[in-house]
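Here's the structure we're looking at; comments come further down.
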Amino acid sequence: MKNNVLIIGGGPAGMEASAQLQRLGYNVILIERESTLGGHLNRWDRLFPEGVPASEPLEALMKNMNGVKCFTDTEIQSINRLDKSFNVILSNGITVLADAVLIACGFDLFDASRKEEYGYGIYDHVITNADLEAWFQSKSDDRIDNPKRVGFVHCVGSRDEKAGCRGCSKVCCVTAVKEACEIKEAFPDAQVYCFYMDLRMFGRHYEDLYLKAQKDYGVRFIRGRVSEVSENQDRSLLVKAEDTLSSKPVQITLDLLVLMAGMRHSEAGRRIADMLNLAPEDDGFFAVRNNLTANQQARMPGLFLAGAATGPKTLPESLADARSAAAAIDHYLTDIFPQTRKLKKLVKKNG
Amino acid sequence: MVDFGFSLSPSSRIDLDEFDRKTFDRLLALEPDAKKCMECGSCSAVCTASRYTETSVRRALHALRNGCGAQAVEELKGCQFCGKCTMVCPRGINTRHLILSILKIYGAL
Amino acid sequence: MIYEGKQRIWSDYQKEIPDDHYFYVRSCIRQAFFTGSEVAFLDITRNRLGKDIFESEHHTTCGGIAYHSDTIPHETVMTIVARQFALMHKYGYENYVCSCITSFGVYAETLETWREFPELQAKIAEILMKTCRLEFAKPKYIVHASDLIFKFRYQIAARAVHKLVNVRTGKPLKVVEHIGCHYSKMFPSKGVGGAEYPYVLAGMVEAWGGEVVDYPERRHCCGFGFRQYFVQANRGYSLSNTHKKFESMEPYHPDCIVTNCPGCPYFLDRWQYVIAEQTGKTYGGDGRGIPVLTYEEMAGLVMGYDPWDLGLQTHQTPVESLLDKMGIVYDEKSKYLGKGGKDLGQPAHPSCLKI
Amino acid sequence: MTKLHVAVFLQTAGASEVIDRVPASFSPFVLPFVIGISFFLCWITVGLIRVLYAIPASDRRKLAISLVNPKIAWKNIRDLFCDCLFHVKIWQRKPLLGYMHSSIAFGWFMLIVLGHIEVALFVPWHLSFSKGSLYYPIFYRYFIWTDPAHVTLRGSFFFFLMDFFLLYVLTGIALAVFKRFRSIVLGMRHTTKPSLADRLALYSLWLIFPLRLLAESFTADLSGGSFLTVPVNHLWHLLFGEKLYFMPVWWAYSICLGVFFAAMPFSRYMHILTEVLWILFRNAGLQPSHPRKGVAEAEIYACSSCGLCLDACPMNVQKKNLKYSSVYFIRRLRRHNERKINLIADKCLMCDKCHVLCPVGVDAPALRRAQRKTVKNALTYDYSYLSALSAPGSSVSSAENAPETETSGRGCSVPSALGSSVSFAENAPETEIFGRGGAVSSDVPRVLYFAGCMTHLTPRILRSVEELFRKAGVDWQFMDREGGICCGRPLMLAGRTDAAAELVAANKRMIEASGCDTLVLSCPICYKIFKEDYALSGIRVLHHTQFIKELVDAGRLVLSKGTDSVVYHDPCELGRGCGVYAEPRAVLSQIADLKKPSQDGDESVCCGGSLGSLTLNANDREWITSGSVKILLKASDGSPLHPDALVTACPLCLKTFNEAAPVPVKDFAEIVLEHSA
């Protein structure tokens, strides 16, 4: 008898973990709220740092999904921890008895309209990183009208206690730099400004991208958080910040302002945590058993976590996290269920 | 006109809309590596002249990025051209040439 | 500008404003600067709308000016505030309405401080008892007088004699609304519409037929800034702030400015004269400046009060251009006549600003 | 017996051994040559007058005096022969190339001289202008008829000489043609790209001598000839029969000569004559004050475009940089292409190698500096802050250290020492930081050490020097421990002489007030300007390599020989700049196995870090550095040296090499310290 593993969330982490567990011989059930797998990857055009189309890794992930039972447009109705398993009722009426559950619910993008001073949803030419990615894909958005001056605001809803998120969202800096370059490619005459507090180019090749943005695209980086945005009569934007490197207030008129909305915990994930009586950590993301050594284990036996459910992550980090989670689940099931252990031994002997 | 004993105070604000791109582009044409500066301040930290007087390549370039040419020239007046800044620049910018170029273009304005 | 976006925000910042029975406290300076405003407020609410607005001669300043000028300690301010609240309680009221934005800010800040530090509240209650023999109490609701007018804006519109519409063109008047900084910038949830897009004045303007001007520097301070104005050497900063606002609103050609704070109308009004004297520049199309009104004055005009009864002759920037646009008939000769036809004297003519 | 022979010899000179074959002494074919040479002569006469007029009167006086000064006159003659005719400098470096140049120059020179001697001896009346002195000696063989029966020994001697030198030139021409296609065989990796005038002159030059051979061999049965022309003449008879039509080849010969001389002023071959003037100027001690006018004009036209500077230039590890080489710089100067001139002038590293290796001694780096000086770019500077440094009682550099009364004791910086006029050597407490050795005897020089800006970026040099001074018991003081001001050399290199003068003056005031008698420097850049431009009277200026050698020689530093092998890199400013080659080598050979790299001494290659270049970017410099490291790590035969360390004596070289070399890079002081007892 194969163990059932339920994976909640069909983003990259959920997909990668499903594929890994399927290969390890488990019976994998993947549920996804939306009608397609891929999560945020579906809505992203190209990925940092090399600018690979998001569809590429997505296709690669799709290829390994053979045999995984996927339920899309499906949510968790209820979830209960039994003695050695979880009783899960899905919104499509199916009940699953899962020996292990992996939560790969990902993240929600910060609702940029909550930073009222930036006027998202009020001013005509204020958009978010997600809107811009959508425009890169579709090339249709009334707000983007051949802009000559484009600004990027880093840390929108990140490193901002008043916006409810003290932490750094990790990927926005490099995303902003990537998008700044892409905007320059789309509008070569445009002048692009990035308003940053710190540039966190932590990953491999990120610094190269930053250098390229400066050198090849002439992107101007202004160290200072945008304080307020107003709309001019011609619907252009009057943006104010402090240039902290010269300790002076700075003001500029822009035709397009892109807000780099950060990563917040997933509300859907929070509902599941509530059903299981799991308290989140201060940052709103899932609590793990140990932040250094047991990153994929939730504080409940049989419950595992992968990807941005435990905080902001890049795509390769999410995938690595998913593989780790798959390994952790495999260890767990082998330890808990004697027949799984026996089966494994048998396979080893015969193999 | 009435003397009120006070008057409008000048703004300290940098207005990037007033930025003179043409002149700045002339500088970039002379020293394209100026674009690479990430304003780490290494140059100012080792500056021989900055021990005695307000001199900073970083501040000068920063002033130019904000469109303040006169301030940039002022920042470089005390430069002794010793070349220490070039030696320490992590991005390999030829700061001496940058200084010469800034003075050449903005010094004449 | 996406209007629906603003509406969404306004709906997020709803404020509970009781309908009746208020303890009213005046502003220290408004009676002197805008003589008809508070009278108009009381007349409209009491006599026209039939509300119970109680006023006591025993109330004092809230201490705000001294507080913001760093001349008295925080405990003193809180005790003054506690005394005002105790008076309200003594007269049997639990809704508190104040005329001044600075006061409104001081009250909001004090109540918030007491909430955070109950031991401080206990200490103040003790001091209050020792010094004034009054029983400590907190209001159930605290609103600004403009909140009340905002609440009654449709009743006022129903009784309107004039609208904020240019009678010659039939087009809505363009009104700049300026909110006092301490109304909602400190506690966005305490103001109607929040801090970024306050609705308290915008709501009145819309209800009375006008059109709100949303200009880039709308959030900016009028320039009062307490110490900026009180110290003569600093007045240049105060003036510069106001100047910045006028430069920003000028391209929109506003017909008038409406404010809800004691200082703001004063500076937006008086500094127009000073800017004109110093730079030779006047705002408003005909060299007559942009008229600046308090919300009570605007409500009064809408309801058909005589402009001179509202005290509009005491404005530095003449209001006649607005009265003409609204189609209000006024007696030019009686402009400078006080109560009982007493001659108030004529102001000197400035060199730039036309009066 | 000998006397008799000579008498006979002289007597027969008048006999009609040689007869004017063409009675009119003229033939139309000489016209191309006459036109060409006339144009050329006019050109150079006007040019000479112009140049002499352009140079300052004082320089003209200097030149006139130099011409009659026997010592300089002798040097002039020696240089004219060695440089212009024999090309000794090229011989020394590239023998084959030297042969090529000297064969053409000396060979042709001899043909002209001998031609004139022949005329003087056999038909002396043709030396008068009306009798064709302009062309007669050149086309001598055309105009005369020699009776084969009466050829004297003297006649055949000249026939032999003329044929010999013609052959000599022809071998050189053959090499030159060959070099055009395979320069590397003659030891040149890069050759100059000829301009249009160069090509015209070059091809006519190539043709002149083969055509001369043709012409003279065609007429050899009439005019006579020797081992070369006569056999060739027989060959022609064999091929073309009894009657030879020789006019076309004489025409061709004349045309080629005419073209050559007409093109010469616009081509590199102008150097053949200008070089003479330049040698006179150079030996008279004239310096160019402007990159193009006066003395410089003679200098830039003296350049032969030989292209030796192409291989010398360290920038040319990248082919794209060839265009910045001195030869092209000079070509641009000649053409007055202002924008390009500045571009090239600013690029140069000022390593001076092209100057040292130039066969003509053209000082291109000095011309580049002169050019940099001419750039008017509103370079505002304000060094008023420097005045506070040397004002008595000021303590700018040690303000943060201590009250001024005590700074002279422990501040260890000259500005503070100046605060009190008492000499610090007597006044100072014997603290180690002050750097005085325990045993201070009266004959020990009072030494002032100036580290310089760059040395502060390489603290290991500072530390090593300090430690060595301590060990040797040197009575010394640190002039810029807390940081001083720049020596002014970088500004000089940038052509900002006025600004540099202010720094020089400020440093000079401090040094002179210090009362020291020896100034020791760690940075060759500082050393050069302190030595050449500071004019510090009564103060010896030494680089630390020299000073340490003195300490070693005096036995105050005891060194032990190690087993490591090292390669020494000559910093440009120290070696070529100041001629300090022997001192570091003398000390290094005492402590380590000093290996000789493929290029050192005069030929040493810049590390790439030079402050001389104004525009070279980091990437291009990396190329130079790695090229230089490669040169240092191999022997002249190309075999790898595998040294244990690369030693240099310049903080800039140290820092530059340190980032690129695969072996440890050490300063001279550092390695000496390692081996000192």
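In the text below, chain A, chain B and the rest are named by the order of the sequence lines, each starting its count at 1.
Neither the backbone nor the side chain of C:Y3 comes within less than 4.5 Å of any heavy atom in chain A. Interface residue A:V229: only backbone heavy atoms are found under 4.5 Å from chain C.
Comparing A:E116, A:H125, A:E117, A:E228 by how many heavy-atom pairs each has under 4.5 Å with chain C, the most go to A:E116. When C:E4, C:E217, C:R8 are compared by the number of non-hydrogen pairs under 4.5 Å with chain A, C:E217 comes out ahead.
A donor and an acceptor atom, one from each side chain of A:R149 and A:T253, are nowhere located under 3.5 Å apart. Using a 3.5 Å distance cut-off with no hydrogens or angles, the side chains of C:D147 and C:Y141 do not pair a donor with an acceptor. Side chain to side chain, C:Y215 and C:E250 fail the donor-acceptor criterion of an N or O pair below 3.5 Å.
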message: Under the criterion ring pair (Phe, Tyr, Trp, His ring centres under 6.0 Å), I'd like the reasoning laid out for A:W135 against A:F187: C-alpha separation, chi angles, the key distance, then a yes or no.
response: CA-CA 13 Å; A:W135 181 80; A:F187 306 106; 5.5 Å; yes
